[in-house]
Amino acid sequence: MTTILGVPAQALSGQLLLGLINGSFYAMLSLGLSVIFGMLGIVNMVHGALYMVGAFTAWMMLTYLGISYWGALLIAPLVVGVLGMVIERVFLRYLYEVDHLYGLLLTFGLTLVLESMFRYNYGASGLPYPIPAALRGGNDLGFVYLPTYRGWVVAMSLAVCFGTWYLIERTRLGSYLRAATENAILVEAFGINVPRMIALTYGLGVALAGLAGVMAAPIYQVSPTMGSNLVIVVFAVVVIGGLGSIMGSIVTGICLGLLEGLTKVFYPAASNVAIFIAMAIVLIVKPAGLFGREP
Amino acid sequence: MSVQSTAEPRAAAREKVMCRSNVKLGFVVAIMVGIAAPFVVYPVFLMKVLCFGLFACAFNLLIGYAGLLSFGHAAFFGSAAYVTGHALKVWGLPPELGILLGTLTSILLGSAFGLVAIRRQGIYFAMITLALSQLIYFLALQLPFTHGEDGIQEIPRGYLFGVLDLRNTYAMYYTVLAIFIFGFGVVWRTVHSPFGHALRGIRDNEARAISLGYRAERFKLVVFVLSAGLSGLAGATKSLVFQLATLTDVTWQMSGEVVLMTLLGGDGYAYGSGGRSGSSACA
């Protein structure tokens, strides 16, 4: 068997693949967080809970209504997005003027509420969600066995990430958004409805979390706490990438997933803390993050 | 006009004196209530309130008077609980030494965290403390002496100073009350000392405080370590009361909860956070 640095190549590529999949989720979630922080200045703690709501929406649609995975892929993000817009209109819009910390606390509170609601109704144990028939099975790529569904997740999340990046950096709507972050009053004077646009941005950001939730449902089980541990990692990703930097969070998300995979191969006990150590180092050396601008 | 301007400070001074005597009276009443309470309310619940109240007071010292929002205080609370639990159960130390050891652990941990974290402000400060406390969480999950998901159970309460049997609920309660009063006293003295005033100056306008010759970073570090130590004291006491130290004490949700407790009490008001955290503690 071929070995690389004393580790079987099979194990290495397997863990790297796993890291790539985790990284895809990190990228999708941190992208939404980053967009929200960049445009609204809100540290969206509730992101993980909304990811969980996305997964639960898919599960409920399958169980109660018989809507398949493909339907859920479309509807669940919409549901989460609308929920997000309601949250923005009802709570968050009062917090733009005050310190970032209040946004963090409010969204933390919402997280507790959402998680407890689902735990009360569905219990803390995971609920299984089947992989859709079209994506079952897998291919042996010679160096690693790739389950079709995981390949789909990676491809899909890359497409979504770059789609979002394109939307914000290269389209007219995106340019309005970026202008509104720079100077909301001036943009409003040009006749653009800024509050509506901000609500849409928040909706879009959390819809990405909802989408990630649906895609995660067949891989990880659907449970009320599935988001709460992930969200902390995703925060670390966003901070490392630079708060508000879109490209930064995509690249960092995938890289950190791979880093985690690598640590699993070489020193498994440290795999959970690798990301946080990376974050502490980055914050000490380059506080604005790898891709961020100095505040 | 001149009459008014002399009358005003005098009235203010009189008010201050009144205020001070009111505060003293308030303390006396509060301590009396604390002494009488276990005969009316379930004592274990009261001990929980006191432990979390002390935790919230410690946290309030940091956010209310230094303006630093730490999102990782569970690390101090939890690691002190673990160390105390281990010291009492495996090493068989008496409770006072166990609590002392737990508190010292969090003071050390607080110094390490503080050195890293105080270089940054606002949201970055919160994020660094969060990341560091996650390190502690995963350590607590994996180190052998913490027993992973099970935690340290059935921690013996033992005899305080070799004489007082803490298995008696009332003895335990009054010990916790004494610890709480001690911790609260430390917070109170800190806040009303020149150090506390300088701290508030730094919070309100750091650049100005530095230009006046205060070394802001050193002040922040000291208050961070103090707050960490008191959180550890709360955690150590908690593990003695419930005879249990588990992962729940180190999760980031615990860090978030202490923030909520403190803010519900109103940040910057020591008595508020101490008293009202009871409402959060029971939830």
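Per chain, numbering begins at 1; letters A, B, ... match sequence-line order. Note that this is a predicted model, so its numbers are computed, not measured.
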(Q) Contact between B:F71 and A:L104 at the side-chain level, heavy atoms closer than 4.5 Å - yes or no? (A) yes

Q: Could you grab the distance from atom CG of B:L132 to atom CZ of A:F276, nearest 0.5 Å is fine?
A: 10.0 Å

Q. Atom OG of B:S133 and atom CD1 of A:I232: how far apart are they, to the nearest 0.5 Å?
A. 8.0 Å

Q. So how far is it from A:E115 CD to B:Q253 CD, rounded to the nearest 0.5 Å?
A. 6.5 Å

Q. Is the shortest heavy-atom distance from the side chain of A:F235 to the side chain of B:Q134 under 4.5 Å?
A. no

Q: Decide yes or no for A:V43 and B:M127: does some side-chain heavy atom of the first lie under 4.5 Å from some side-chain heavy atom of the second?
A: yes

Q: Measure the spacing between CD1 of A:I277 and CG of B:L135 and express it to the nearest 0.5 Å.
A: 5.5 Å

Q.
Tell me if the OH atom of A:Y220 is crowded by more than 12 foreign heavy atoms within 6.0 Å.
A. yes

(Q) Please classify the contact of A:V282 with chain B as side chain, backbone, both or neither, using a heavy-atom distance under 4.5 Å. (A) neither

(Q) Quick check on B:F195: does its CZ atom have over 12 non-hydrogen neighbours (other residues, nucleotides or ligands) under 6.0 Å away? (A) yes

Q | CZ (B:R215) with more than 12 external heavy atoms under 6.0 Å | A | no

